[in-house]
Amino acid sequence: MAVTRTFSIIKPDATARNLTGAVTQALEEAGLRVVASKRIRMTREQAEAFYAVHRERPFFGDLVSFMISGPVVVQVLEGEDAVARNREVMGATNPADAAEGTIRKRFAQSIEANSVHGSDSEENAATEIAFFFEPGEIVG
Ligand code: CMP
């Protein structure tokens, strides 16, 4: 299995509860290395563009409002088969469906306030990483 990269967001519900360290620890214990990280406040324009694929979904407006409601931590993660590994440790989108021990099972409050985002494919990971990071900000 090749070493690859994925993109992660620690969402406002998690930063508000001071869970940045706990979430990052779970990622690291899953074998993922944080090779870039910054705490930012997303603008409405950024959140709308980042989630543009969901623009027609009924939850789009609430999703954007939630993602700009507080700081987030955007990260690039590196490891063996990073996209799949990260999805495994995050757990299902809806915490009610997430497996025991996953980040969303442990920390998420709802399908919206679900503590983390992770890329769903290597192609999207590359796009999402480039959305928030310059190549020089990623230190592997
Ligand atoms: P995320 O991986 O960040 O991608 C889109 C987000 O929309 C998702 O996580 C959820 O937090 C959020 N969301 C809110 N409502 C829904 C829903 N009904 N179905 C899927 N995603 C939802």
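These values consider heavy atoms only, across backbone and side chains, with no hydrogens, waters or symmetry-generated copies. In each ligand, atom 1 is the first atom listed, and ligand 1 is the first ligand listed. If you read the sequence from its start, that first residue is 1, and numbering goes on from there.
Counting the atoms of ligand 1 from 1 in the order shown, those under 4.0 Å from a heavy atom of R104 are 2 (O). Residue contact check: H54 has heavy atoms under 4.0 Å from atoms 4 (O), 5 (C) of ligand 1. Within ligand 1, the atoms closer than 4.0 Å to a non-hydrogen atom of L63 are 6 (C), 7 (O), 12 (C), numbered from 1 in the order shown. Near N114, with a cut-off below 4.0 Å to any heavy atom, the atoms of ligand 1 are 9 (O), 10 (C), 11 (O).
Contact of the F133 side chain with the V74 side chain is registered, since non-hydrogen atoms from C-beta on lie closer than 4.5 Å. For the pair V76 and T6, the minimum side-chain heavy-atom distance is 4.5 Å or more. With a 4.5 Å cut-off on side-chain heavy atoms, I111 and F59 do not count as touching.
The CE atom of M90 sits 4.5 Å away from the CG atom of N86 when rounded to the nearest 0.5 Å.
For T4, the side chain to side chain contact (heavy atoms under 4.5 Å, CB included) criterion is met by A2, A82, E122, not counting sequence neighbours.
For ligand 1, the polar-atom distance check against I111 finds a nitrogen or oxygen pair separated by under 3.5 Å. By the 3.5 Å distance cut-off applied to N or O atoms, R57 is not counted among the residues near ligand 1.
Scanning all protein heavy atoms for the shortest distance to atom 8 (C) of ligand 1 gives T93 CG2, 3.9 Å. Among protein heavy atoms, atom 16 (C) of ligand 1 sits closest to F59 CD2, 3.5 Å.
Neither the backbone nor the side chain of M67 has any atom closer than 4.0 Å to an atom of ligand 1 (non-hydrogen atoms only).
Using a cut-off of 4.0 Å between Lys/Arg side-chain N and Asp/Glu carboxylate O, R5 and E78 are scored as salt-bridged.
Of all the listed residues (E112, H117, K11), K11 holds the heavy atom that lies closest to atom 9 (O) of ligand 1.
Looking only at distances, a side-chain donor or acceptor of R85 sits under 3.5 Å from a matching main-chain atom of A30.
Y51 counts as a contact of ligand 1, since one of its heavy atoms falls under 4.0 Å from the ligand. Between R87 and ligand 1 there is no heavy-atom distance shorter than 4.0 Å.
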Could you list the donor-acceptor pairs under 3.5 angstrom formed between side-chain atoms of residues 36-43 and any protein atom two or more places apart in sequence or on another chain?
{"from": "K38", "atom 1": "NZ", "to": "F132", "atom 2": "O", "distance (Å)": "2.7"}
{"from": "K38", "atom 1": "NZ", "to": "E137", "atom 2": "OE1", "distance (Å)": "3.2"}
{"from": "K38", "atom 1": "NZ", "to": "E137", "atom 2": "OE2", "distance (Å)": "3.2"}
{"from": "R41", "atom 1": "NE", "to": "I68", "atom 2": "O", "distance (Å)": "3.4"}
{"from": "R41", "atom 1": "NH2", "to": "I68", "atom 2": "O", "distance (Å)": "3.4"}
{"from": "R41", "atom 1": "NH2", "to": "S69", "atom 2": "O", "distance (Å)": "3.3"}
{"from": "T43", "atom 1": "OG1", "to": "Q46", "atom 2": "N", "distance (Å)": "3.0"}

